[in-house]
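Bear in mind that the values here come from a model prediction, so they are computed numbers and not experimental data.
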Amino acid sequence: MAMVAITNPQLSFNLFYCSVTGREASISRQTASRIRYRFSSCRWLSLNSSSSTNRSFDSFKSRCSIANTDVHLNHVAVEDEEISAVDIGCRTTPIVQLKSDVLDTESLSILTGDTYVDSLLTTLPVLTEEEQKTLAATPAHPEGLYAFYASCLAGNLVEQLWNFAWPSAIALLHPSLLPVAVMGFLTKLVIIIGGPLVGKLMDHSPRVPSYIFLNVVQASAQLLSAAMIIHAHTVSPASASSILLRPWFAVLVLAGAIERLSGVALGVAMERDWVVLLAGINRPIALAQANAVLNRIDLLCEIAGTSLFGILLSRYDPVTCLKLAASLMVWSLPIMISLTWLTNKLSTGVLDRAKCCQASRRTSDEGPLPDAQNFVSTGLEAIKHGWREYIQQPVLPASLAYVLLYFNVVLTPGSLMTAFLTQRGLNPSVIGGFSGLCAFMGVAATFLSASLVRRFGILKAGAVGLTFQALLLTIAVAVYQSGTLSQRSPLLLFLCLIVFSRLGHMSYDIVGAQILQTGIPSSKANLIGTTEISVASLAESLMLGVVILANDVSHFGFLAMLSVLSVVGAAWMFCRWLLNPTEEQRSLFSFDPQL
C-alpha cells in the first residue's frame, strides 16, 4: 500500500509501506515514466523543502491516495531527479526534490482541491446478511434448471416404470427368486467393473453429447429387454434352472446390465455435476433446494410408474403391459433429447466443457483415455484410480454408511421385494401401491430433512435418519419372525413398517448427497460418484449371491435379518464418525452449527 501527500506552501512528501520489486508502478503511464524512486527499503519518508522550492507550487494543493498498489523501483538514475540529505535532529533522512517542470508540463491524473482520486480506487459493495441469503437461495441459471427438471421428469418416469416392470414380469414366469437374483447379481458385477471406467470417460467428455448418448443407449437396452421378456412369455414355461440356460435370458442379462450402467452414469452426472453447475456451487441454499427437487421428481416418478404398471398388470396380461411400456420408452426419448439441448441453451452454455480443460485433464495424473489398442489396460487403470480416489475422499465414512445400506436388498421396495410379494399371491395393484407409498414417504422426507437440518445440523440429521430406519426395520423383522405373516393384518403391519422406514432412509439419502457434494471436488465428481456406485453394487452383489444360494421363499426371514443388520451397521458407522470429527471434517462443515 502506498500513500503520497503533496501540500503547499511547504512541500511535504510522505511514502508509507512501499514494496520494492523489479517492476514499474502504473500510477500514470506518462508521468511515471519520468518520475522514478530510489528507495531500497520501506520506511516513512518525510520531506520539508526550503522556500526556494515553492516557485510554481503556490497555487497547487492536492492530495493523492493509492490503495493496494505495488510500487516497483529501479536503482538507476533518471533525469530531473536530485537526491540529497538533510540532517533532522540526529538522523539523516533522504530528500527527494521534484523540479516544477515535471508538474507544469505533464498532465497528472490528480484532482485539485481536498478530494481523493476516486478513479484510482475500486469500491467493492458489501451485501447485507439478507441480501447474502437471497443470493445464496437464487440459482445461477434458473431457466436452465427448470428445463433440467423437465428432462429428469421425462427420463425418470420411464426408468422407474421399467424398474418395476421387469422383475414383476419375470416373477410371473416361475415361482422362484432365482432368475431375478441372478440377473441382479450379474448386473451389479458389470457396474462394479464398468462404473469407474464410464465415470472417467464422462469426466473427459463433453457433458451434453455424452448425456444424450447415454440416454439413447439406455432406451435401446430397455427396448431389447422388453422384447426378450415378451418372447419368454410367448414360449412354453420352464423350470427356474432351465430359464437361466435359455439364449433369451443371456441377452436379457446383457441388455439389463447395459441399461443399469447407463442409468447409474446418468444419475451421477445429474446429481453430482449438472445440478451443481446449474444451481451454483457457491449458492448452498439454491443447491440444497435443487437436490430436494430432484429427489421429489425421482420419487414422484416412482409413485406414478409403479402405480401405473401395477394397475395395467392387474387388468391386462404381461405381454400387453410390456408393449405399452415399450411405446412409452420410444416416445420419451426425443423429448429427453430436446429438453437436454434446451437446458444447455438456457444456461448460456455452462454445460459445455472447454477443449483446453479436456487437454489439461488428459495430461494430468488421472491416466490416458481408453482407445481400441489399450482398452483393457486403460480400463483396469481407471478402476484402480477410481478406487484410490474413493478411499482418499475426506467424507469416506459417510459414503461407506451409504454403501452398507445397499446390503439391504430385501426390506426395500425393489425387485426382490416385488418378486416376493408377487409369489405370495398379492394383487399387483397392492404391490404397486406399496412401492408408491414407499416413494411417497421419500417425497415427505424431502420436507422432513429440511426440518432435521435446521434443528440438528446437516451431520446429525443424517444420524437421526439412519437410526430411525434401523429401529423400524428391526421391528419389521421381529413381526416377520413371529410367524404370523400368513395372516392379513401382520402382513400389512410388516409392509407399513417398511414404508415408514423409508422416511429415515430418504432423509439420509438427501442429507448424504449434500455431504458428498461438499466433500468431493467437482473435478472428480463423476469418477468418485461412479466408483461409489460400484462399491455399493459390490455390496449388493454379495447380498444377491446369498439370495441365489437361498432362493427359496422360505428363507426370506434369514435374508431380512441380514438386511436389517446392514442398516444397523450403517447407523453405527456414521454415528461413530460423527462423534469423532477430524480437523478436515470441521473445516469442510464449518457452517454446521451443531458440529
Side-chain angles (χ1 to χ4, degrees), residues 147-173 180 183-184 187 190-191 198 208-234 248-249 251-270 294 297-343 413-415 418 428 432 435-436 439:
F148 178 62
Y149 291 155
S151 176
C152 292
L153 180 64
N156 285 1
L157 180 61
V158 175
E159 184 174 353
Q160 293 298 340
L161 185 145
W162 180 245
N163 289 341
F164 180 79
W166 75 262
S168 300
I170 292 178
L172 293 174
L173 291 174
V180 175
M183 185 172 176
T187 298
V190 172
I191 294 176
V198 173
V208 176
S210 60
Y211 188 84
I212 293 176
F213 174 75
L214 287 175
N215 272 299
V216 174
V217 171
Q218 185 183 32
S220 302
Q222 289 171 348
L223 291 173
L224 181 59
S225 300
M228 292 299 101
I229 299 177
I230 291 173
H231 171 74
H233 276 275
T234 57
W248 66 262
F249 188 79
V251 177
L252 177 63
V253 170
L254 179 61
I258 295 175
E259 189 273 335
R260 276 294 77 219
L261 186 60
S262 302
V264 166
L266 289 171
V268 170
M270 289 188 300
L294 286 181
I297 289 174
D298 185 60
L299 294 167
L300 289 174
C301 289
E302 184 177 350
I303 295 173
T306 55
S307 301
L308 176 61
F309 196 83
I311 294 173
L312 291 176
L313 199 58
S314 63
R315 297 186 177 183
Y316 305 101
D317 61 278
V319 174
T320 302
C321 296
L322 290 172
K323 289 180 179 179
L324 292 174
S327 301
L328 182 61
M329 298 170 193
V330 173
W331 283 102
S332 64
L333 182 60
I335 297 176
M336 287 187 292
I337 294 176
S338 301
L339 290 173
T340 301
W341 175 82
L342 183 62
T343 299
S415 58
T418 300
S435 299

Item checked: Flag side-chain contact, heavy atom, 4.5 Å: Asp298 against Gln160 -> yes
Next item on the list: Could you tell me the separation between the CG atom of Leu322 and the OH atom of Tyr316, rounded to the nearest 0.5 Å?
Entry: 14.5 Å
Margin query: For a 4.5 angstrom cut-off between non-hydrogen side-chain atoms, does Leu324 reach Phe309?
Written below: no
Check: Who pairs with Glu159 by salt bridge (charged side-chain N to carboxylate O under 4.0 Å, His left out), at least two apart in sequence or on another chain?
Finding: Arg260
Margin query: Distance check, rounded to the nearest 0.5 Å: Glu302 atom CD versus Leu299 atom CG?
Written below: 6.0 Å
Next item on the list: Measure the spacing between CD of Gln222 and CG of Leu161 and express it to the nearest 0.5 Å.
Entry: 9.0 Å
Checklist line | Separation between CD1 of Ile191 and CD1 of Ile258, rounded to the nearest 0.5 Å | finding: 12.0 Å
Next item on the list: Assess whether side chain to side chain contact (heavy atoms under 4.5 Å, CB included) is satisfied between Leu294 and Phe148, documenting all intermediate values.
Entry: CA-CA 10 Å; Leu294 286 181; Phe148 178 62; 3.8 Å; yes
Checklist line | Side chains of Leu252 and Leu224 in contact at under 4.5 Å (non-hydrogen atoms) | finding: no
Check: What pairs with Ala326 under side-chain contact (heavy atoms from CB on, under 4.5 Å), at least two apart in sequence or on another chain?
Finding: Leu223
Item checked: Test log, rule side chain to side chain contact (heavy atoms under 4.5 Å, CB included), inputs Val216 and Ile337 -> CA-CA 9 Å; Val216 174; Ile337 294 176; 4.2 Å; yes
Margin query: To check you understand the geometry: which heavy-atom pair defines the closest contact between Gly432 and Ser307, and what is its length?
Written below: O-OG, 4.1 Å
Next item on the list: Kindly compute the distance separating CD1 (Ile212) from CH2 (Trp341), expressed to the nearest 0.5 Å.
Entry: 10.5 Å
Note to self: Counting C-beta onward and ignoring hydrogens, is there a side-chain heavy-atom pair between Trp162 and Glu259 closer than 4.5 Å?
What the structure shows: yes
Check: Between Leu313 and Pro318, is any pair of side-chain heavy atoms under 4.5 Å apart?
Finding: yes
Next item on the list: Would you mind listing every side-chain hydrogen bond (donor to acceptor under 3.5 Å, both in side chains) that reaches into residues 224-233, with sequence neighbours excluded?
Entry: none
Next item on the list: Any chance you could measure Cys301, atom SG, to Leu308, atom CG, to the nearest 0.5 Å?
Entry: 11.5 Å
Checklist line | Side-chain donor or acceptor of Ser327 paired with backbone N/O of Lys323 under 3.5 Å | finding: yes
Checklist line | Least distance between heavy atoms, Gly263 atom then Gln218 atom | finding: CA-NE2, 3.5 Å
Next item on the list: Begin from the C-alpha positions of Val180 and Met183 and carry the test side chain to side chain contact (heavy atoms under 4.5 Å, CB included) through to its verdict.
Entry: CA-CA 5 Å; Val180 175; Met183 185 172 176; 6.0 Å; no
